[in-house]
Amino acid sequence: EHVTLQLEVMREIRRHLTPYHTGETPITGETVISTGLTIDSLTIMDLIMELEDHFDVTIPMNAVAEIRTIDQLAQTVLRLHAKR
């Protein structure tokens, strides 16, 4: 179940970020959200809220400030989901 959830989280993140991907390199777990994509802070917050709604979690603002990569975002969602 954990692997399935992990894949679903990554799929949701990629689905939201694909419109902001302009480079030749693929979106990976190491992609830095704020610099690896053409995305602004408002759109990042929209992404966070969509993930919170979809996975029924609440990501604290201090945790959001520390998230830099797609992997970090996915791990945060998974960790919070496991605590519910």
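From a predicted model like this one, the values you see are computed outputs, not experimental measurements. In what follows, every heavy atom counts, from backbone to side chain, and hydrogens, waters and symmetry copies are set aside.
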Discussion item. Restricting to non-hydrogen atoms, name the atom on G29 and the atom on M10 that form the minimum distance, rounded to 0.1 Å.
Written reply: CA-CE, 4.3 Å
Fill in: Other residues, nucleotides, ligands: >12 heavy atoms within 6.0 Å of R68 CZ
no
Worksheet, complete the sentence: From the list L37, T69, L17, side-chain contact (heavy atoms from CB on, under 4.5 Å) with T31 holds only for L37
Item to complete: Grab the two heavy atoms, one from R84 and one from D56, that are nearest each other, plus how far apart they are.
Response: CD-O, 2.9 Å
Practice prompt. Hey, could you give me the CG/CD1 distance between L73 and I33, rounded to the nearest 0.5 Å?
Written response: 5.0 Å
Worksheet item: Can you tell me how far CG of L78 sits from CD of Q6, rounded to the nearest 0.5 angstrom?
Response: 5.5 Å
Discussion item. Can you tell me how far apart CD1 (I27) and NE2 (H16) are? Round to the nearest 0.5 Å.
Written reply: 12.0 Å
Discussion item. Within this structure, what is the CD1-OG distance for the pair I39 and S34, rounded to the nearest 0.5 Å?
Written reply: 9.5 Å
Worksheet item: Step by step, would you call T43 with D46 a side-chain hydrogen bond (donor to acceptor under 3.5 Å, both in side chains)?
Response: CA-CA 5 Å; T43 306; D46 285 344; 5.2 Å; no
Worksheet item: Got a second to check how far I13's CD1 is from E8's CD, nearest 0.5 Å?
Response: 11.0 Å
Discussion item. Keeping T38 on the side-chain end and Y20 on the backbone end, is there a donor-acceptor pair under 3.5 Å?
Written reply: yes
Worksheet entry | Which atom of H81 lies closest to which atom of F55, heavy atoms considered | CD2-O, 3.1 Å
Practice prompt. Heavy atoms only: give me the nearest T28-R14 pair and the separation to one decimal.
Written response: CA-NH2, 4.2 Å
Discussion item. Between E12 and R15 (salt bridge meaning N to carboxylate O under 4.0 Å), is one present in this structure?
Written reply: yes
Worksheet entry | Spacing of CE belonging to M45 relative to CE belonging to M49, to within rounding of 0.5 Å | 6.0 Å
Discussion item. Donor-acceptor check, side chain of E52 to backbone of I59, threshold 3.5 angstrom: yes or no?
Written reply: yes
Worksheet item: Does the T76 side chain pair with the main chain of Q72, one donor and one acceptor, at a distance under 3.5 Å?
Response: yes
